[in-house]
There are 2 protein chains.
Amino acid sequence: MADEQDHRYLSLRDQSATIPLQHLRYAVVSAEYGSFRRAAEALLTQQSTLSRGIRELEESIGVIVFERSSGGVCATSAGRDFLRTARSILEQMDALVTYSQV
Amino acid sequence: MADEQDHRYLSLRDQSATIPLQHLRYAVVSAEYGSFRRAAEALLTQQSTLSRGIRELEESIGVIVFERSSGGVCATSAGRDFLRTARSILEQMDALVTYSQV
DNA sequence: AATCGTTACGTGATGCGTAACGATG
DNA sequence: CATCGTTACGCATCACGTAACGATT
């Protein structure tokens with residue numbers, strides 16, 4: 001019960017886990033603001049929700065994306081790589097929804 | 001109540017709707033198999049679940065992705081464009097989860 | 001002591017499975 | 001008439017909001 005990783009994202013059996021896109025957005029916006037609280041405001045949600053979301057995200061990929069402090073958050077170097085792909089995914093998803101087709 | 005579109009995917013207020021990645025996978029695999037039933041089998045889920053998922057997906061983007069028939073399904077031309085981006089998104093997500101970083 | 005992030009807890013929403021139905025070759 | 005897709009219904013799960021807590025400057 002210590003370092004156990006609960007597989008929250010394994011919706012399908014063994015064929016590729018997925019991270020909720022909302023969690024990706026949480027991370028991207030948090031990086032932009034350097035703050036969970038600000039990001040939560042911007043996304044019209046609760047900071048507890050955002051905090052949990054990012055925690056789950058980090059557990060699922062086994063990478064710490066943000067360095068926490070009382071002054072806010074800052075992306076780690078591994079986190080920066082993660083965020084680049086996350087942005088790309090979100091952009092493609094936006095295109096998919098907005099234009100119906102690329 | 002006729003041609004109303006229920007905004008199932010608008011999880012955030014107005015800042016970009018998202019399509020559950022699972023629904024993207026439903027569509028991609030269905031296209032590969034040419035059949036909802038087969039795709040559901042392959043994805044270890046129910047064909048009713050898959051059918052609903054794709055229906056919701058199509059309503060959310062306002063595009064019919066599949067042509068249904070008693071013999072199975074076939075992607076429309078608009079659907080093919082959609083599926084190309086969907087595959088790309090899923091690939092990037094897999095990379096994100098598998099390698100933790102790109 | 002004020003601000004920021006974390007955690008606990010209860011509830012409302014919703015996605016899913018079971019099952020019945022419709023349609024088409 | 002057999003096979004495939006659709007729809008109805010009920011339930012279990014889970015994500016969220018409220019609220020209390022810990023820590024750092």
Side-chain angles (χ1 to χ4, degrees), chain A residues 1-13 15 17-27 29-60 64-76 79, chain B residues 1-2 4 6-13 15 17-27 29-60 64-76 79:
Chain A
M1 65 171 93
D3 49 358
E4 286 245 33
Q5 184 168 334
D6 47 354
H7 310 278
R8 237 174 272 252
Y9 294 151
L10 296 174
S11 45
L12 302 177
R13 197 54 51 111
Q15 29 204 357
T18 67
I19 302 173
L21 291 172
Q22 203 164 19
H23 290 187
L24 261 54
R25 208 174 296 272
Y26 288 167
V29 176
S30 293
E32 287 173 356
Y33 282 92
S35 160
F36 283 176
R37 177 172 295 268
R38 296 260 188 142
E41 274 183 46
L43 292 170
L44 301 173
T45 189
Q46 231 57 26
Q47 73 266 21
S48 65
T49 298
L50 192 145
S51 177
R52 252 183 290 115
I54 292 186
R55 166 68 55 109
E56 290 169 8
L57 185 157
E58 290 174 326
E59 284 174 353
S60 76
I64 300 298
V65 178
F66 291 102
E67 197 104 33
R68 276 85 159 170
S69 77
S70 295
V73 299
C74 181
T76 63
Chain B
M1 65 170 94
E4 286 245 34
D6 48 353
H7 310 278
R8 238 174 272 255
Y9 294 152
L10 295 173
S11 46
L12 301 178
R13 195 56 48 112
Q15 30 205 353
T18 67
I19 302 172
L21 291 172
Q22 205 165 17
H23 290 187
L24 261 55
R25 208 174 296 274
Y26 288 167
V29 176
S30 293
E32 287 173 357
Y33 283 92
S35 160
F36 284 176
R37 176 173 294 268
R38 296 259 189 141
E41 274 183 44
L43 291 169
L44 300 173
T45 189
Q46 231 56 26
Q47 74 266 22
S48 65
T49 298
L50 192 145
S51 177
R52 253 183 290 116
I54 291 185
R55 166 68 55 111
E56 290 169 8
L57 186 158
E58 289 175 326
E59 285 174 351
S60 75
I64 300 299
V65 178
F66 291 103
E67 197 105 32
R68 277 86 160 170
S69 77
S70 296
V73 299
C74 182
T76 62

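All of these numbers come straight from a predicted model, not from anything done at the bench. Naming convention: chains lettered A, B, ... in sequence-line order (proteins, then strands); numbering from 1 in each chain.
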> What's the CG-C1' distance between Leu50(A) and dT6(C), to the nearest Å?
Replying inline: 12 Å

>> If I take atom CD in residue Glu67(A) and atom C1' in nucleotide dT24(D), what distance separates them, rounded to the nearest angstrom?
In response: 15 Å

>> Without decimals, in angstroms, what is the distance between Arg38(A) CZ and dC4(C) P?
In response: 7 Å

> With distance as the sole criterion, do the side chain of Arg52(A) and the base of dG5(C) form a donor-acceptor contact below 3.5 Å?
Replying inline: no

> Should we say atom CZ of Arg68(B) is surrounded by more than 12 heavy atoms from elsewhere, each under 6.0 Å from it?
Replying inline: yes

> For the base of dT18(D), is there a side-chain donor-acceptor partner from Ser48(A) under 3.5 Å away?
Replying inline: yes

> Quick one: Phe66(B) CZ to dG5(D) P, roughly how many Å, whole number?
Replying inline: 10 Å

> Is any side-chain nitrogen or oxygen of Thr45(B) closer than 4.0 Å to OP1 or OP2 of dC16(C)?
Replying inline: no

> Base, sugar-phosphate alone, or nothing: which one does Ser69(A) contact when heavy atoms must sit under 4.0 Å apart?
Replying inline: sugar-phosphate

>> Any base atoms under 4.0 Å from Ser35(A), or only sugar-phosphate, or nothing? Heavy atoms, all strands.
In response: sugar-phosphate

> Whole Å only: how far is the CD atom of Glu58(A) from the C1' atom of dT6(C)?
Replying inline: 12 Å

> Of the nucleotides dC4(C), dA23(C), dT6(D), which one has an atom closest to the side chain of Ser70(B)?
Replying inline: dA23(C)

> Whole-Å distance between dA20(D) C1' and Gln47(A) CD?
Replying inline: 12 Å

> Roughly how far, to the nearest 0.5 Å, is CZ of Phe66(A) from CG of Leu57(A)?
Replying inline: 8.5 Å

> Are there more than 12 heavy atoms of other residues, nucleotides or ligands under 6.0 Å from atom CD of Glu32(B)?
Replying inline: yes

> How long is the gap from CG on Leu24(B) to OG1 on Thr18(B), to the nearest 0.5 Å?
Replying inline: 10.0 Å

> Closest nucleotide of DNA chain D for Gly71(A) versus for Gln46(A): which of these residues is on the 5' side?
Replying inline: Gln46(A)

>> Measuring to OP1 and OP2 of dG5(C), would you say a side-chain N or O of Ser51(A) lies under 4.0 angstrom away?
In response: no

> For the pair made of CZ in Phe36(B) and P in dG22(C), what is the distance, rounded to whole Å?
Replying inline: 20 Å

>> Please determine whether a side-chain nitrogen or oxygen atom of Arg68(B) lies at a distance below 4.0 Å from atom OP1 or OP2 of dG5(D).
In response: no

>> For Thr49(A) and Thr49(B), find the nucleotide of DNA chain D closest to each by heavy atoms; which residue's nucleotide sits nearer the 5' end?
In response: Thr49(B)

> Taking atom C1' of dG5(D) as reference, at what distance in whole Å does atom OH of Tyr26(B) sit?
Replying inline: 16 Å

> In Å, rounded to the nearest 0.5 Å, how long is the span from CD1 of Ile64(A) to CZ of Arg55(A)?
Replying inline: 7.5 Å

